[in-house]
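By convention in this document, chain letters (A, B, ...) are assigned in the order of the sequence lines, proteins followed by strands, and residues within each chain are numbered from 1. Quantities reported herein were computed from a predicted structural model and do not represent experimental measurements.
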Number of protein chains: 2
Amino acid sequence: MSEHVAEPRWRRLPEERPKQILDAALAVFAERGLAAARLEDIAKRAGVSKGTIYLYFANKEELFRGVVRDTVIAFIERGEASFAVERDPIRALDVWMEGHWRWIRSDVFPAMHRLANSELRDFPDLYEFYAVEVVGRAQRLVCEILERGMETGVFRRMDALVAARMLSALFVTHGTWYHQKHSFKSIANIPDGVLLAQIREFFLHAMRPDAGPSSPLVD
Amino acid sequence: MSEHVAEPRWRRLPEERPKQILDAALAVFAERGLAAARLEDIAKRAGVSKGTIYLYFANKEELFRGVVRDTVIAFIERGEASFAVERDPIRALDVWMEGHWRWIRSDVFPAMHRLANSELRDFPDLYEFYAVEVVGRAQRLVCEILERGMETGVFRRMDALVAARMLSALFVTHGTWYHQKHSFKSIANIPDGVLLAQIREFFLHAMRPDAGPSSPLVD
DNA sequence: GTTAAGTTACTGACCAGTCATTAACAGTCG
DNA sequence: CGACTGTTAATGACTGGTCAGTAACTTAAC
């Protein structure tokens, strides 16, 4: 009566392992941080044994590097495309904000941000990669949009890089607060959409042209 | 020829120990984080042995709580006084910004902020303490200044709490970037004063009244 | 039967927390 | 004043638990 050929106790899946492990590792790193993350836990979550991790990653640090690269690169490649075509600066900015807000609210952002602000300092190369490729790149993109808007007169003239930095700052901090609603009571009851709208409204106010001929949309 | 009564190998200083230990602990926690900080290192830095720490603090966690409370409370008590008297809203805001910028640039801020964003999540009570007593309190203060300014017409009318949150966001993010200049190249060459001036200018632009009778200072 | 994927039991390093011991200081008395 | 004593601050060797990394063994798959 016994099912004589039972399921094999495990399978060989060399193609899929790296991704399984990276996903599990991101989750555990996100929730515990680098130092406190146990390879046992990552292994369990990935559905493999600890030893298996070492078949694909030389050590914990390399695994961590893998996670960061994987996550960040995935994020970068996802963005950038959609709003580049949009010509109207304000609409382009809106598209960018929407996308960025989605990223900020994703559960990957707080993990990356937390890591960047604490443990990434022990990995100067990774940190610089993050600063240049994620933060810097986003700021340069916004910069271009803003410069277009200054040309057409919908934004006041100012150092576009500074403005981009300000916008970035508003997003980042609100993002971290958003993910800590339970402690930041002043944010807890505000619906997502409203929070984004507040940032948008504030930023556009700061960027609106000085009094003068009320600039109409161009084109 | 021997100096027969040499220095004693150690001294009894029960009054001074707690502060020595807290100072050393702050330094080590700041540089390594909670989990990675070794009590040995804290002891060495404080000039005592590991066992001594346990005479004054029940365990590592209590020591950590001590550091947070000590640091944060010291910060809170330092502020608040000076600009409360200043009646002119813009000048009051300037005073507040100066003070806050000094705090942001101090070497305690990045430590506290880093801890708050990573390890403090394991201490809900401490985290809430930080959110309410530091961030919340600062925002409420700014809020009052802004409301005064809206009354007198130097600021446009809007939800003052939202505006305070925006200002806070600008400061916090710029603060963390400031302390990571080496990676954020776009900030590296900007003198402190200019950075603060940029934030100030941007915020005041966002808050300036809508076009209309250009509001003169009142009183 | 061979190979490569995967497992598991182990080891060595690290470190929070303990405790038996030591030394500084105060007080007391000859 | 100097010896003697009690008290308690302070020390540091040690313990026990945790966990990254290893290596000898097992099993899937062809």
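- OP1 or OP2 of D:dA10 has not a single side-chain nitrogen or oxygen of B:Thr52 nearer than 4.0 Å.
- In this entry the distance linking CZ of A:Phe64 with C1' of D:dA20 reads 16 Å, nearest Å.
- Using a 4.5 Å heavy-atom cutoff, the side chains of B:Met112 and B:Trp103 are in contact.
- In this structure, B:Leu93 and B:Phe155 have side chains that are in contact, with non-hydrogen atoms separated by less than 4.5 Å.
- Taking atom CD of A:Glu62 as the reference point, atom P of D:dA20 lies 16 Å away to the nearest angstrom.
- Whole-Å rounding puts the A:Leu13 CG to D:dT27 P distance at 18 Å.
- Spacing between atom CD of B:Glu15 and atom P of C:dC25 amounts to 14 Å, rounded to whole angstrom units.
- Under the 4.0 Å criterion applied to side-chain N and carboxylate O atoms, A:Lys19 and A:Asp23 are assigned as salt-bridge partners.
- In this structure, the CD atom of B:Glu16 is 14 Å from the P atom of D:dA9, given to the nearest Å.
- Sorted by first and then second residue, the pairs that involve residues 106-128 of chain B and meet salt bridge (Lys or Arg N to Asp or Glu O under 4.0 Å), not counting sequence neighbours, are A:Lys185-B:Glu128, B:Arg65-B:Asp125.
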Would you please test B:Phe184 and B:Tyr178 for ring-ring contact (aromatic ring centres under 6.0 Å, His included) and show each step? CA-CA 8 Å; B:Phe184 285 98; B:Tyr178 172 85; over 10 Å; no
With B for base contact, S for sugar-phosphate-only contact and - for none (protein heavy atoms under 4.0 Å), nucleotides 14-24 of chain C reads -SBBB----BB
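- Counting non-hydrogen atoms under 4.0 angstrom, B:Tyr56 reaches the backbone sugars and phosphates but no base.
- Taking atom CD on B:Gln20 and atom P on D:dA9, their separation rounds to 15 Å, with Å as the unit.
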Evaluate the criterion side chain to side chain donor-acceptor pair (under 3.5 Å) for residue pair B:His179 and B:Arg105; output intermediate values, then yes/no. CA-CA 7 Å; B:His179 286 281; B:Arg105 277 169 44 214; over 6 Å; no
